[in-house]
Chemist: 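Below: one structure in structure tokens.
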2 protein chains.
Amino acid sequence: MALEHAILVSLLEKPGSGYELARRFERSIGYFWTATHQQIYRVLKRMENDGWVAAREVPQQGRPDKKEYSVADLGHAALSSWLHEPIEPESVRHDLAVKIRGAAFDDPAGLVREVERHRRAHTDRLAHYLAGEERDFPPAPGGPPDAERELQHVVLRGGIAYERMMIAWLDDVLATLRRF
Amino acid sequence: MALEHAILVSLLEKPGSGYELARRFERSIGYFWTATHQQIYRVLKRMENDGWVAAREVPQQGRPDKKEYSVADLGHAALSSWLHEPIEPESVRHDLAVKIRGAAFDDPAGLVREVERHRRAHTDRLAHYLAGEERDFPPAPGGPPDAERELQHVVLRGGIAYERMMIAWLDDVLATLRRF
DNA sequence: CCTTGCTATGCAACCAGTTGCATAGCAGGA
DNA sequence: TCCTGCTATGCAACTGGTTGCATAGCAAGG
């Protein structure tokens with residue numbers, strides 16, 4: 001399980017409320033880990049009980065108050081020990097691949113629209129990533145290397161490489177489907 | 001949920017027992033969908049109750065008897081209707097990306113060995129895929145196009161593209177980590 | 001004969017993640 | 001004033017997946 005650890009990393013990058021975390025999980029963190037707000041609130045509560053994070057009531061004007069969480073020493077230690085233990089290379093779940101192989105027993109050409117839809121989703125995501133890269137990681141070499149920035153950037157480059165690979169592969173899939 | 005559908009596809013490609021399915025999920029199907037034997041047996045039982053698959057006792061010599069499953073009409077229909085309904089582009093879960101961003105707050109250089117381990121796992125898988133491709137999909141253009149074969153092949157090409165992308169990205173990650 | 005190891009099937013408990021719903025503060029527009 | 005919509009937090013029920021364990025047939029080797 002890594003949701004706890006994903007939350008710790010996100011809170012180390014910047015403290016925030018459950019709501020804010022949920023929004024981050026829709027964008028930057030969400031590139032490689034998804035979570036709904038319900039799940040985040042539940043886990044956050046458990047982490048608070050375990051002393052991994054500390055909450056602070058923050059009154060706001062113009063909107064409801066929020067509970068801002070930040071990482072406590074125990075949380076930092078928990079993250080550190082997780083970082084030092086090996087994890088299994090992740091197991092994959094590609095519904096679309098199941099569909100593609102299944103299409104052989106149904107209607108290969110009928111899958112074209114679905115694959116095109118996925119292709120569009122991936123080009124959109126790629127455009128989104130590239131815009132984020134241009135915005136947050138301009139090419140100007142600004143001073144000394146910053147680990148946090150550089151590592152965020154390399155993860156984003158991974159997302160970009162993934163989307164490019166997927167688009168190329170989906171083109172391959174479309175060409176194959178259209179032969180039937 | 002697509003485990004049921006992955007099983008249907010696998011059984012359409014070739015009928016088999018729960019045990020055999022579990023083995024396939026360790027190799028070809030496992031490239032894009034993982035499942036343990038416990039899960040497969042449980043789902044298979046439900047599918048049998050729902051009339052999606054039919055079981056047949058097959059006595060064997062030299063080893064215990066097995067129950068061979070094959071797809072029933074209801075199962076074929078269920079697969080077909082699933083193929084025709086749109087699915088969400090899958091959400092990602094990359095523990096390693098969490099670790100990489102987390103390393104900024106711990107010990108970037110200490111992650112090198114872990115990333116190298118993952119890189120090795122991906123080169124192994126790539127070699128395995130390429131060997132499978134050479135074995136099962138020789139370049140000889142043997143007659144008329146066969147949808148089942150071609151679609152299996154394009155899914156395998158997706159696995160190959162994925163592994164190549166990952167290896168290149170992990171090299172990028174290693175170069176980045178080594179700067180700290 | 002006994003152990004090891006592979007084939008083959010399965011139960012039970014648990015845990016992570018999803019879905020549906022509920023509540024409440026506050027702003028802005030119809 | 002009422003409705004819509006965004007911020008903000010949360011509970012409850014369910015489902016899919018994981019982990020641990022159990023059983024049994026049969027072969028091969030020590």
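When reading the values below, keep in mind they use all heavy atoms of this one structure, side chains included, and skip hydrogens, waters and symmetry mates. Lettering follows sequence order; numbering is per chain, from 1.
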Chemist: Taking the nucleotide of DNA chain C with the nearest heavy atom to each, does A:Glu4 or A:Gly62 sit closer to the 5' end?
Modeler: A:Glu4
Chemist: Rounded to the nearest Å, what distance is computed from the CD atom of residue B:Gln39 to the C1' atom of nucleotide C:dC14?
Modeler: 14 Å
Chemist: Nearest whole angstrom, please: distance from the P of D:dA24 to the NZ of B:Lys67.
Modeler: 17 Å
Chemist: Taking only side-chain nitrogens and oxygens of A:Arg93, does any of them come within less than 4.0 Å of OP1 or OP2 of D:dG17?
Modeler: yes
Chemist: In whole Å, I'd like the distance from the CG atom of A:Leu21 to the C1' atom of D:dG10.
Modeler: 15 Å
Chemist: Looking at residues at least two apart in the chain, or sitting in another chain, which of them share a side chain to side chain contact (heavy atoms under 4.5 Å, CB included) with B:Gln152?
Modeler: A:Arg101, B:Glu13, B:Phe137, B:Glu148
Chemist: Let's see if you can work this out: which of D:dC11, D:dT19, C:dG10 has an atom nearest to the side-chain heavy atoms of B:Thr36?
Modeler: D:dT19
Chemist: Could one point to a donor on the side chain of B:Arg23 or the base of C:dT7 with an acceptor on the other under 3.5 Å away?
Modeler: no
Chemist: Do A:His153 and A:Glu133 pair up side chain to side chain, a donor and an acceptor below 3.5 Å, judged on atom types alone?
Modeler: yes
Chemist: What I want to find out is whether A:Glu116 reaches A:Arg178 closely enough, with some N-O distance under 4.0 Å, to be called a salt bridge.
Modeler: yes
Chemist: Please classify the nucleic acid contact of A:Ser17 as base, sugar-phosphate, or nothing, using heavy-atom distances under 4.0 Å.
Modeler: sugar-phosphate
Chemist: Hey, does A:Glu20 reach any base, or is it just sugar-phosphate, or nothing, if we go heavy atoms under 4.0 Å?
Modeler: nothing
Chemist: Mind checking if A:Gln60 touches a base, just sugar-phosphate, or nothing, with heavy atoms under 4.0 Å?
Modeler: sugar-phosphate
Chemist: Distance check needed: C:dT23 P versus A:His37 NE2, whole Å only.
Modeler: 14 Å
Chemist: Expressed as a whole number of angstroms, how long is the span from A:Glu88:CD to D:dG17:P?
Modeler: 19 Å
Chemist: Does A:Tyr41 make a side-chain N or O approach to OP1 or OP2 of D:dT9 shorter than 4.0 Å?
Modeler: yes
Chemist: Angle between ring planes, A:Trp52 versus A:His5, binned at 30° and 60°: parallel, tilted or perpendicular?
Modeler: tilted
Chemist: Starting at CD of A:Gln38 and ending at P of D:dT15, how long is that distance when rounded to a whole Å?
Modeler: 17 Å
Chemist: Just the rounded figure in Å: distance from C1' of C:dG17 to CG of A:Leu3.
Modeler: 9 Å
Chemist: Identify whether the distance between the nearest side-chain nitrogen and carboxylate oxygen of A:Arg117 and A:Glu114 falls below 4.0 Å.
Modeler: yes
Chemist: Report yes if a side-chain nitrogen or oxygen of B:Tyr19 is closer than 4.0 Å to either non-bridging phosphate oxygen (OP1 or OP2) of C:dT7; otherwise report no.
Modeler: yes
Chemist: Side chain of B:Arg42 only, heavy atoms from C-beta on: which candidate in C:dT18, D:dG17, D:dA8 is closest?
Modeler: D:dG17
Chemist: Could you state the NZ-P distance from B:Lys66 to D:dT23, rounded to the nearest angstrom?
Modeler: 26 Å
